[in-house]
Novice: 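Starting off with a structure, shown below.
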Amino acid sequence: DGQKLVKDFVQRMVKGRTLRMLSKTGGSVQCLVRLDRELTHIWIQRAGLKDAKRRSVALRSVQDVCVGPNIEEEVELALDDLSVTLLLAEGAAI
């Protein structure tokens with residue numbers, strides 16, 4: 001059922017998940033990604049680094065969610081069919 005699927009996803013994201021993220025300098029890095037309990041921000045920080053800087057992104061600033069390589073030229077990253085890109089209001093992409 002769709003509601004259970006979304007609930008399970010949100011619960012996993014609130015706890016945090018380690019995901020591979022592409023780097024503008026090339027290659028990829030492992031990051032801890034999680035949603036805050038109010039579901040208003042997504043937090044991203046490098047995994048495995050004790051003093052890693054944490055970035056907060058307001059979910060209201062997400063303008064679009066793109067799946068796959070269709071926006072590869074816009075974000076200047078080597079995307080594939082499994083890539084998910086968040087386009088933010090200020091023109092940035094994650």
Side-chain angles (χ1 to χ4, degrees):
D1 146 82
Q3 189 173 11
K4 180 174 177 5
L5 182 70
V6 170
K7 181 180 177 182
D8 291 346
F9 171 79
V10 169
Q11 286 176 339
R12 282 195 313 269
M13 291 306 296
V14 167
K15 289 179 184 174
R17 296 184 64 185
T18 301
L19 301 173
R20 184 175 63 90
M21 298 184 75
L22 297 176
S23 169
K24 278 214 172 234
T25 60
S28 63
V29 294
Q30 294 291 322
C31 291
L32 177 62
V33 180
R34 69 175 201 76
L35 290 169
D36 67 347
R37 292 192 184 280
E38 293 78 28
L39 305 180
T40 58
H41 289 81
I42 188 167
W43 293 92
I44 303 167
Q45 74 182 107
R46 290 280 301 268
L49 297 178
K50 186 177 181 181
D51 296 324
K53 212 160 117 176
R54 185 168 61 167
R55 178 178 179 184
S56 172
V57 177
L59 290 178
R60 69 176 174 268
S61 73
V62 176
Q63 297 295 301
D64 201 0
V65 178
C66 304
V67 179
N70 297 342
I71 61 163
E72 196 168 47
E73 291 177 13
E74 292 176 51
V75 296
E76 300 174 359
L77 293 171
L79 305 175
D80 62 26
D81 290 338
L82 299 177
S83 298
V84 176
T85 306
L86 304 179
L87 298 178
L88 307 180
E90 65 271 8
I94 298 176

Novice: Any donor and acceptor pair, going by atom type alone, linking the side chain of Asp36 with main-chain N or O of His41 inside 3.5 Å?
Specialist: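 Here the side-chain-to-backbone pair exists.
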Novice: Going hydrophobic residue to hydrophobic residue with side-chain gaps under 4.5 angstrom, can you get from Val65 over to Val75?
Specialist: no
Novice: Closest approach of Thr18 and Ala47, non-hydrogen atoms and distance?
Specialist: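 The pair with the smallest heavy-atom distance is CG2-CB, 4.1 Å.
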Novice: Once rounded to the nearest 0.5 Å, what's the spacing between atom CG of Leu32 and atom NZ of Lys15?
Specialist: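 With rounding to 0.5 Å, CG (Leu32) is 13.5 Å from NZ (Lys15).
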Novice: Could you state whether Val10 and Leu19 fall into the same hydrophobic cluster, counting links through intermediate Ile, Leu, Val, Met, Phe, Trp or Tyr residues with side-chain heavy atoms under 4.5 angstrom apart?
Specialist: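 In one cluster with Val10: Leu19, yes.
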Novice: Over all heavy atoms of both residues, which pair between Lys53 and Gln45 is shortest? Give the atoms and the distance, please.
Specialist: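 Nearest pair, atom of Lys53 first, then Gln45: O-CB, 3.3 Å.
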Novice: May I ask you to test the Val67-Ser83 pair for a side-chain heavy-atom distance under 4.5 Å?
Specialist: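 Val67 does not reach Ser83 side chain to side chain.
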Novice: Quick one: do Asp8 and Lys4 make a salt bridge, cutoff under 4.0 Å?
Specialist: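 Between Lys4 and Asp8 there is a salt bridge, with a charged N closer than 4.0 Å to a carboxylate O.
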Novice: Search all heavy atoms of Arg20 against all heavy atoms of Gln30 and return the closest pair with its distance.
Specialist: CB-NE2, 3.8 Å
Novice: Out of curiosity, does Leu39 fall in the hydrophobic cluster containing Trp43 (side-chain heavy atoms, cut-off under 4.5 Å, transitive links)?
Specialist: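 The answer is no; the residues belong to distinct hydrophobic clusters.
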Novice: Indicate the atoms forming the closest heavy-atom contact of Ala52 with Arg46, along with that distance.
Specialist: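 Looking at all heavy atoms of both residues, the closest pair is CB-O, 3.6 Å.
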Novice: Decide whether Ile94 and Val33 are clustered together by the hydrophobic rule: side chain heavy atoms of Ile, Leu, Val, Met, Phe, Trp, Tyr closer than 4.5 Å, transitively.
Specialist: yes
Novice: Please lay out, stage by stage, how Met21 and Ile44 fare under the test side-chain contact (heavy atoms from CB on, under 4.5 Å).
Specialist: CA-CA 10 Å; Met21 298 184 75; Ile44 303 167; 3.7 Å; yes
Novice: Under 4.5 Å between side-chain heavy atoms, hopping through other hydrophobics if needed: is there a path connecting Met13 to Leu86?
Specialist: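 Same cluster: Met13 reaches Leu86 through Ile, Leu, Val, Met, Phe, Trp or Tyr contacts under 4.5 Å.
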Novice: Are the side chains of Val62 and Ile42 in touch, meaning some heavy atoms are under 4.5 Å apart?
Specialist: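 Heavy-atom side-chain distance check fails, nothing below 4.5 Å.
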Novice: Is there side-chain contact between Thr40 and Arg60, with at least one heavy-atom pair below 4.5 Å?
Specialist: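 Heavy-atom side-chain distance check fails, nothing below 4.5 Å.
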Novice: Near Gln3 CD, under 6.0 Å, is it more than 12 heavy atoms from other residues, nucleotides or ligands?
Specialist: no
Novice: Taking the side chain as everything from C-beta on, heavy atoms only, tell me whether Leu22 gets closer than 4.5 Å to Ser28.
Specialist: yes
Novice: Ignoring hydrogens, what is the shortest heavy-atom contact between Ser61 and Glu90? Give both atom names and the distance.
Specialist: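 Distance-wise, the nearest heavy atoms are CB-OE1, 4.3 Å.
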Novice: Which pair of non-hydrogen atoms, one from Gln63 and one from Leu88, has the smallest distance, and what is that distance?
Specialist: CG-C, 3.9 Å
